[in-house]
Student: 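Before we start, here is the structure in question, set down as structure tokens.
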Amino acid sequence: MAIRAVVFDIGGVLEITPDFGVTGLWETRLRLPAGELSKRMHDVWAGGSIGAITEDDVHQAVSDRLGLDGQQLAAFMAGIWREYLGTANAELIEYARRLSNSFVGAREREQAAYGFEDLVDEIVYSHEAGMSKPDPRIYALVCARLGVRPEETVFLDDADRCVDGAREAGMHAVRYHDNAQAIEEIEKLLTAP
């Protein structure tokens with residue numbers, strides 16, 4: 001069966017998202033033990049990733065749980081977004097242009113930074129869909145929006161659990177390691193008889 005759609009993960013694939021150490025920096029500033037910030041914010045990050053809370057709710061929770069004033073909140077969130085957005089993976093974006101799990105506020109920031117909406121036919125953000133990978137429903141939603149069957153779809157992601165989820169949903173899936181490897185594996189699937 002011919003491949004009719006290629007689905008790209010954004011964070012860690014189309015965006016290069018190194019750990020800039022934002023969490024550790026703020027733990028040091030706030031004199032929190034290592035891991036404490038993530039522990040305090042876990043449910044907020046989880047809720048934001050599927051749109052269960054708004055961006056304003058996130059800001060309020062960050063302020064309340066970390067004791068940040070308005071200026072500190074702005075600095076903290078700027079660091080979080082800088083880390084979240086990373087930098088464009090120009091080579092893979094150009095490859096996607098030849099073909100083509102998020103957080104509340106990501107659509108607007110990623111569009112402003114990278115123009116992803118102009119690159120692809122459809123963007124499915126977990127915070128807008130109310131579910132995230134590897135939930136099988138999100139793979140079904142992607143296929144429905146693209147008008148393709150899972151077996152007609154290649155899914156590219158940098159997380160094993162998401163690649164496994166795509167395969168369980170019936171998609172072809174490629175685990176992203178680097179651009180050359182990912183493009184080669186996608187091309188093999190696109191040209192397979």
Side-chain angles (χ1 to χ4, degrees), residues 5-26 37-38 41-42 44-51 53-55 58-59 62 74-135 138-139 141-142 145-146 153-166 171-187 189:
V6 178
V7 178
F8 294 87
D9 179 45
I10 295 176
V13 177
L14 292 179
E15 295 169 345
I16 300 166
T17 53
D19 182 351
F20 293 130
V22 173
T23 299
L25 172 71
W26 280 90
L37 194 149
S38 294
M41 300 307 301
H42 175 75
V44 174
W45 300 149
S49 72
I50 59 168
I53 60 175
T54 68
E55 196 170 357
V58 171
H59 293 171
V62 169
F76 176 80
M77 291 308 300
I80 293 293
W81 280 116
R82 182 175 37 86
E83 192 168 88
Y84 183 94
L85 294 174
T87 58
N89 183 343
E91 180 183 6
L92 200 57
I93 289 171
E94 282 308 308
Y95 176 71
R97 195 178 308 280
R98 294 194 310 259
L99 297 170
S100 213
N101 298 312
S102 70
F103 195 79
V104 292
R107 178 180 291 272
E108 297 82 5
R109 285 175 178 85
E110 288 173 337
Q111 179 60 22
Y114 306 121
F116 287 146
E117 289 179 13
D118 304 325
L119 175 65
V120 297
D121 294 326
E122 187 70 41
I123 297 179
V124 176
Y125 281 102
S126 60
H127 73 274
E128 294 173 350
M131 59 189 123
S132 62
K133 302 170 290 183
D135 185 327
I138 202 154
Y139 303 106
L141 176 63
V142 167
R145 287 193 184 170
L146 291 171
T153 308
V154 177
F155 178 78
L156 176 67
D157 201 294
D158 63 322
D160 288 329
R161 66 187 187 85
C162 298
V163 170
D164 293 343
M171 294 176 159
H172 300 273
V174 173
R175 168 64 161 86
Y176 176 85
H177 296 282
D178 61 55
N179 292 341
Q181 162 267 329
I183 291 169
E184 180 181 338
E185 288 188 43
I186 292 169
E187 285 296 317
L189 290 165

Student: To the nearest 0.5 Å, how far apart are CG in L37 and OG1 in T23?
Tutor: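 Reported value, rounded in 0.5 Å steps: 5.5 Å.
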
Student: Using a strict cut-off of less than 4.0 Å between a Lys/Arg side-chain nitrogen and an Asp/Glu carboxylate oxygen, indicate whether D9 and K133 qualify as a salt bridge.
Tutor: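 Salt bridge: yes.
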
Student: Hey, what do you get for CG (D158) to CG (L14), rounding to the nearest 0.5 Å?
Tutor: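 Here the interatomic distance stands at 10.0 Å.
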
Student: At what distance, to the nearest 0.5 angstrom, does OG of S38 lie from CH2 of W26?
Tutor: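 Going from OG on S38 over to CH2 on W26, the span is 14.5 Å.
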
Student: For T87, check side-chain contact (heavy atoms from CB on, under 4.5 Å) against everything at least two apart and list the hits.
Tutor: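 Result, side-chain contact (heavy atoms from CB on, under 4.5 Å) vs T87: I16.
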
Student: Heavy atoms only: give me the nearest A88-I93 pair and the separation to one decimal.
Tutor: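 Shortest heavy-atom separation between A88 and I93 comes out as CB-CD1, 3.8 Å.
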
Student: Distance alone, cut at 3.5 Å: any donor-acceptor contact between the side chains of Q181 and Y176?
Tutor: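 Checked: Q181/Y176 side chains show no N/O donor-acceptor pair below 3.5 Å.
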
Student: Identify whether NZ of Lys or CZ of Arg in R82 sits under 6.0 Å from the centre of the six-membered ring of F20 and within 45° of that ring's axis.
Tutor: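 So R82 does make the cation-pi contact.
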
Student: Which atom names give the shortest non-hydrogen contact between A46 and S49, and what distance separates them?
Tutor: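 Shortest heavy-atom separation between A46 and S49 comes out as O-OG, 2.8 Å.
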
Student: Evaluate the side chain to side chain contact (heavy atoms under 4.5 Å, CB included) criterion for residues V7 and T153: first the C-alpha distance (whole Å), next the side-chain angles of each, then the deciding distance (0.1 Å), finally the verdict.
Tutor: CA-CA 7 Å; V7 178; T153 308; 3.6 Å; yes

Student: Once rounded to the nearest 0.5 Å, what's the spacing between atom CG of D157 and atom CZ of F155?
Tutor: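 Reported value, rounded in 0.5 Å steps: 4.0 Å.
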
Student: Just checking H177: does its NE2 atom have more than 12 heavy atoms from other residues, nucleotides or ligands closer to it than 6.0 angstrom?
Tutor: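 Enclosed.
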
Student: Distance check, rounded to the nearest 0.5 Å: I50 atom CD1 versus S132 atom OG?
Tutor: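 I50 atom CD1 to S132 atom OG measures 6.5 Å (nearest 0.5 Å).
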
Student: Can you name the ring pair (Phe, Tyr, Trp, His ring centres under 6.0 Å) partners of Y114, sequence neighbours left out?
Tutor: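 Partners of Y114 by the ring pair (Phe, Tyr, Trp, His ring centres under 6.0 Å) criterion, ordered by chain and then number, come out as F116.
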
Student: Do R109 and L85 make a side-chain contact, defined as non-hydrogen atoms from C-beta onward lying under 4.5 Å apart?
Tutor: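 With C-beta onward as the side chain, the pair touches.
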
Student: With heavy-atom distances below 4.5 Å as the criterion, would you say the side chains of V6 and L189 are in contact?
Tutor: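 Side-chain contact under 4.5 Å: no.
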
Student: Over 60° means perpendicular and under 30° means parallel, so classify the ring planes of Y125 and H127, tilted if in between.
Tutor: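 The arrangement is tilted - the two ring planes meet at 30° to 60°.
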
Student: Rounded at 0.5 Å granularity, tell me how far OH in Y95 sits from CG in L156.
Tutor: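 Interatomic distance, Y95 OH to L156 CG, rounded to 0.5 Å: 9.0 Å.
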
Student: Tell me, please, which residues at least two apart from E117 pass side-chain contact (heavy atoms from CB on, under 4.5 Å).
Tutor: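 Testing E117 for side-chain contact (heavy atoms from CB on, under 4.5 Å), a comparison that skips the adjacent residues, returns R107, Q111, I123.
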
Student: Looking at G165 and P134, what are the two nearest heavy atoms and their distance?
Tutor: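 Looking at all heavy atoms of both residues, the shortest contact is CA-CB, 4.1 Å.
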
Student: Measure the shortest side-chain to side-chain distance between V58 and I53 over non-hydrogen atoms and say whether it is less than 4.5 angstrom.
Tutor: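 Yes, at least one pair of side-chain atoms sits under 4.5 Å.
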
Student: Quick one: list whatever passes side-chain contact (heavy atoms from CB on, under 4.5 Å) with T17, sequence neighbours left out.
Tutor: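 Result, side-chain contact (heavy atoms from CB on, under 4.5 Å) vs T17: E15.
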
Student: Restricting to side-chain contact (heavy atoms from CB on, under 4.5 Å), what partner residues turn up for A129, sequence neighbours left out?
Tutor: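 With neighbours one apart ignored, the set is V124, M131, I138, L141.
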
Student: Scan for salt bridge (charged side-chain N to carboxylate O under 4.0 Å, His left out) pairs involving residues 175-184, sequence neighbours excluded, and state none if there are none.
Tutor: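 For residues 175-184, and leaving out neighbouring residues, the salt bridge (charged side-chain N to carboxylate O under 4.0 Å, His left out) pairs sorted by first residue read D160-R175, E184-K188.
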
Student: Please give me the minimum heavy-atom distance between C162 and Y139, naming the atom from each residue.
Tutor: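 That closest heavy-atom pairing would be O-OH, 2.7 Å.
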
Student: Side chain to side chain contact (heavy atoms under 4.5 Å, CB included), that's the test. Do I183 and E91 meet it? Break it down for me.
Tutor: CA-CA 10 Å; I183 291 169; E91 180 183 6; 4.3 Å; yes

Student: Partners of E83 by salt bridge (Lys or Arg N to Asp or Glu O under 4.0 Å), sequence neighbours excluded?
Tutor: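 By the salt bridge (Lys or Arg N to Asp or Glu O under 4.0 Å) rule, E83 matches no residue at all.
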
